[in-house]
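Report on the following structure.
Just follow the structure's listing: the first ligand is 1, and inside any ligand the first atom is 1. Positions are given from 1 along the sequence.
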Amino acid sequence: MKKIGIVMGSDSDLPVIEKAVGILREMNIPFEVHIYSAHRTPVEARDFALHARENGFGVIIAAAGMAAHLAGAIAANTTLPVIGIPCKGPALDGMDALLSTVQMPSGIPVATVGVNNGANAALLAAEILAVEDAGLAAFLQQKRQRDSDAVLKKDAGIAERL
Ligand code: RP5
């Protein structure tokens with residue numbers, strides 16, 4: 001199976017990445033995590049993206065906050081699918097990172113999930129790999145069924161709680 005590359009702009013983004021890592025572990029998907037910044041370590045971020053395909057990655061998740069250009073910078077240097085996670089910073093409730101990540105000009109796409117939504121980034125990355133992996137697709141379907149069952153269980157108990 002291809003690996004998922006996870007890049008965060010700073011270790012202050014770690015709580016968001018931990019949600020993604022938890023889901024990838026649950027699904028036994030191989031991954032690698034790095035701290036590369038588009039502005040503090042631009043050479044390393046570029047090199048990672050340039051060689052990601054030959055290094056066995058199938059999807060890259062890039063998480064960054066504030067003027068979050070990491071996902072776009074990674075996407076500029078690879079044709080692998082890149083999923084951007086805008087991280088909430090100290091100002092603007094994450095709107096700065098959301099717009100910086102989602103508003104990529106035409107030609108270099110970044111599939112952007114919600115602010116701080118590491119879980120959806122991991123699930124989307126898994127769905128991309130599952131296009132060619134029936135076992136992973138089945139696992140994803142079972143997970144949805146479990147989530148659905150949990151909601152229906154809450155529905156059955158809601159009248160007693162009110
Ligand atoms: C971005 O700036 C990082 O992704 C982080 O979300 C934000 C702040 O970084 P630190 O100052 O906490 O290292 O590059």
Q) Which atoms of ligand 1 have any heavy atom of His39 under 4.0 Å away? A) 14 (O)
**Q.** Whether Met8 lies under 4.0 Å from ligand 1, heavy atom
**A.** no
Q | Flag, side chain of Asn117 to backbone of Val113, donor-acceptor distance under 3.5 Å | A | no
**Q.** Flag, side chain of Lys19 to backbone of Asn116, donor-acceptor distance under 3.5 Å
**A.** yes
When you compare the side chain of [Y] with that of [X], does any pair of heavy atoms fall below 4.5 Å?
| X | Y | value |
| --- | --- | --- |
| Lys153 | Asp149 | no |
| Val43 | Asp47 | yes |
| Val33 | Met8 | yes |
| His69 | Thr101 | no |

Q: Select one of side chain, backbone, both or neither to describe which atoms of Ser12 lie under 4.0 Å from any atom of ligand 1, heavy atoms only.
A: side chain
Among all protein heavy atoms in this structure, tell me which lies nearest to [atom], with the distance rounded to 0.1 Å.
| atom | answer |
| --- | --- |
| atom 11 (O) of ligand 1 | Arg40 NH2, 3.2 Å |
| atom 10 (P) of ligand 1 | Ser10 OG, 3.4 Å |
| atom 2 (O) of ligand 1 | Gly65 O, 3.8 Å |
| atom 5 (C) of ligand 1 | Asp13 OD1, 3.4 Å |

Q.
With nothing but distance in play, are any N or O atoms of Ala63 less than 3.5 Å from an N or O of ligand 1?
A. no
Q: Could you pull out, from Met66, Lys88, His69, the option with a heavy atom nearest to atom 7 (C) of ligand 1?
A: Met66
(Q) Are Val115 and Ile61 linked, directly or through intermediate hydrophobic residues, by side-chain heavy-atom contacts shorter than 4.5 Å (ILVMFWY only)? (A) no
